[in-house]
Amino acid sequence: MRILCLGDSIMQYNDGTTYPNTGWVQELGRFLPVGTEILNFARNGRSSKSFIAEGRFEKVLAAAREGDFALIGFAHNDEKSGDASRYSSPAPDGEFRRNLEYFVVNLWAKKCLPILLTPVARRKFLSPDGDGICRVENTHGDYPEAIRETAAKLGVPCIDLTRLTGELLEDSGVEKSKMFYMNFPAGLYVNYPDGKEDNSHLRPDGAFAVSRIAAMEMANLGNAFEEYGPLSDSIVGKKAKDVGGDVEIDDEYVVFQK
């Protein structure tokens, strides 16, 4: 099984020079069988518009094979209205929706199975509401809804990461949720000796959390989309200690204790 990944810095592969910055797809393999190929074409700073303009989608199509699944996750950089090379409007007749449709239609032509993703929520909280709960602000405006509506129009699955990661942040709370993002004090990481306060990009804990959310949603896609059944059936972790059909045996701790 192969999975093609199209997106921006929230999804892209990061090497040791930017650690702990981690694209969420880097953790996705933990929820897939050994041997699954993840082809990550996501790139820092790209929008749906610039991803096409720079020829990156052509590379995706050149690599695509019949039966591949494709995760499509844009919006963070499409939102940048001050940058004409990246901005695309989420309006009903806007370029953003046309770009998403362009991805899907061309992947269909390659007999691939696309999945649209709404963007991961930014860690930005509103003031406590009447119940004393700090809700996550929707910093993505109309883009998540544009993605949902485009998916419905085309009849393809949509994983609503905006809603689900927003719920994760609210459940975790203002302080604990920092662990998911590149938000940390000085002295923790060699690459960032002065610390960082970035509430968009993910650390390993955040990448794992988003991957787990996405994987559990993938596990259910086959219920509504029969052709996505092989992906759904492959997800590891639907049952505790279930790894690729084998029972996970971890007795190292017990042996060490003895």
Side-chain angles (χ1 to χ4, degrees), residues 3 5-32 38-51 54 56 59 71 73-83 85-87 117-128 133-141 143 161-162 164-215 252-253 256:
I3 300 177
C5 301
L6 294 66
D8 51 35
S9 57
I10 312 302
M11 183 187 279
Q12 80 162 15
Y13 171 82
N14 292 269
D15 62 23
T17 63
T18 57
Y19 185 84
N21 191 6
T22 308
W24 70 263
V25 167
Q26 290 182 251
E27 294 289 331
L28 185 59
R30 295 180 182 274
F31 301 95
L32 296 164
I38 299 176
L39 286 71
N40 194 343
F41 294 90
R43 189 71 179 131
N44 177 38
R46 272 55 180 189
S47 68
S48 66
K49 180 177 182 176
S50 62
F51 195 86
E54 293 175 3
R56 295 180 184 278
K59 294 179 180 179
L71 303 177
F74 291 96
H76 281 82
N77 298 301
D78 291 87
E79 299 167 13
K80 297 179 178 178
S81 58
D83 185 345
S85 68
R86 293 189 287 178
Y87 175 70
L117 312 168
T118 61
V120 172
R122 295 185 179 98
R123 183 186 163 277
K124 186 173 183 181
F125 287 90
L126 299 169
S127 300
I133 299 173
C134 292
R135 303 293 181 187
V136 172
E137 181 179 339
N138 173 24
T139 65
H140 293 298
Y143 287 86
L161 291 180
T162 304
L164 295 167
T165 56
E167 291 173 356
L168 171 70
L169 293 179
E170 290 175 359
D171 289 344
S172 300
V174 174
E175 287 302 314
K176 185 179 177 182
S177 61
K178 289 180 181 179
M179 67 184 283
F180 300 126
Y181 292 83
M182 292 284 287
N183 187 325
F184 46 82
L188 283 184
Y189 299 104
V190 172
N191 288 330
Y192 303 93
D194 298 326
K196 202 163 178 65
E197 192 172 342
D198 176 346
N199 294 302
S200 295
H201 297 93
L202 304 170
R203 280 195 273 175
D205 281 334
F208 178 83
V210 175
S211 286
R212 186 179 188 282
I213 288 170
E252 177 65 20
Y253 175 76
F256 179 77

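Values below: every heavy atom of this structure, side chains too, minus hydrogens, waters and symmetry copies. Just so you know, these numbers come straight off a predicted model, no measurement behind them.
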Participant: Between Ser177 and Ser172, is there a side-chain donor-acceptor contact under 3.5 Å, judged purely by atom types and distance?
Facilitator: no

Participant: Run the ring pair (Phe, Tyr, Trp, His ring centres under 6.0 Å) test against His201 and tell me which residues pass, sequence neighbours left out.
Facilitator: none

Participant: Step by step, work out the side-chain contact (heavy atoms from CB on, under 4.5 Å) result for Val25 and Tyr13.
Facilitator: CA-CA 7 Å; Val25 167; Tyr13 171 82; over 6 Å; no

Participant: Give, for atom CD1 of Ile213 and atom CH2 of Trp24, the distance between the pair rounded to the nearest 0.5 Å.
Facilitator: 10.0 Å

Participant: Mind listing the closest non-hydrogen atom pair of Leu169 and Tyr181 along with its distance?
Facilitator: CD2-CE1, 3.5 Å

Participant: Taking atom OG of Ser47 and atom CG of Asp83, what is their separation to the nearest 0.5 Å?
Facilitator: 7.5 Å

Participant: Taking the side chain as every heavy atom from C-beta outward, state whether Gln26 and Asn14 have any atom pair closer than 4.5 Å.
Facilitator: yes

Participant: Donor-acceptor pair, distance only, cut-off 3.5 Å: does the side chain of Thr22 make one with the backbone of Pro20?
Facilitator: yes

Participant: Does any N or O in the side chain of Thr165 come within less than 3.5 Å of the main-chain N or O of Ala121, such that one atom is a donor and the other an acceptor?
Facilitator: yes

Participant: Would you indicate whether the side-chain heavy atoms of Lys49 and Tyr87 approach each other to under 4.5 Å?
Facilitator: no

Participant: Evaluate the side-chain contact (heavy atoms from CB on, under 4.5 Å) criterion for residues Leu71 and Leu28: first the C-alpha distance (whole Å), next the side-chain angles of each, then the deciding distance (0.1 Å), finally the verdict.
Facilitator: CA-CA 12 Å; Leu71 303 177; Leu28 185 59; 3.9 Å; yes

Participant: Tell me, which pairs form a salt bridge (Lys or Arg N to Asp or Glu O under 4.0 Å) where one or both residues lie in residues 193-202, sequence neighbours left out?
Facilitator: none

Participant: For Glu137 and Lys124, indicate whether the former's side chain and the latter's backbone hold a donor-acceptor pair under 3.5 Å.
Facilitator: no

Participant: With a 4.5 Å limit on heavy-atom distance, are the side chains of Val210 and Ile10 in contact?
Facilitator: no

Participant: Using modelled atom types and a 3.5 Å cut-off, is there a donor and acceptor pairing between side-chain atoms of His76 and backbone atoms of Gly45?
Facilitator: no

Participant: Do Phe184 and Lys178 come within less than 4.5 Å of each other through their side chains, counting heavy atoms only?
Facilitator: no

Participant: Would you name the heavy atoms of Met179 and Asp205 that are closest together and state the gap between them?
Facilitator: CE-OD2, 3.3 Å

Participant: Might you work through the side-chain contact (heavy atoms from CB on, under 4.5 Å) test for His140 and Thr118, ending with a clear yes or no?
Facilitator: CA-CA 9 Å; His140 293 298; Thr118 61; over 6 Å; no

Participant: Looking at Arg56, I'd like to know if its CZ atom is crowded, meaning that more than 12 non-hydrogen atoms belonging to other residues, nucleotides or ligands lie closer than 6.0 Å.
Facilitator: yes

Participant: If you define the side chain from C-beta out and look only at heavy atoms, does anything of Arg123 sit under 4.5 Å from Val136?
Facilitator: no

Participant: Could you tell me whether a side-chain N or O of Arg86 sits under 3.5 Å from a main-chain N or O of Phe51, the two making a donor and an acceptor?
Facilitator: no

Participant: Is there a donor-acceptor pair under 3.5 Å between the side chain of Asn191 and the backbone N or O of Tyr19?
Facilitator: yes

Participant: Can you list the residues that meet the side-chain contact (heavy atoms from CB on, under 4.5 Å) rule with Arg30, with sequence neighbours excluded?
Facilitator: Glu27, Phe208

Participant: Are the side chain of Tyr192 and the backbone of Thr18 linked by a donor-acceptor contact shorter than 3.5 Å?
Facilitator: yes

Participant: Between the main-chain N or O of Ser48 and the side-chain N or O of Asp78, is there a donor-acceptor pair closer than 3.5 Å?
Facilitator: yes

Participant: Could you check if a side-chain atom of Phe180 sits within less than 4.5 angstrom of a side-chain atom of Val120, using non-hydrogen atoms only?
Facilitator: no

Participant: Give a yes or no answer on whether the side chain of Ser200 reaches the backbone of Arg122 with a donor-acceptor pair at less than 3.5 Å.
Facilitator: no

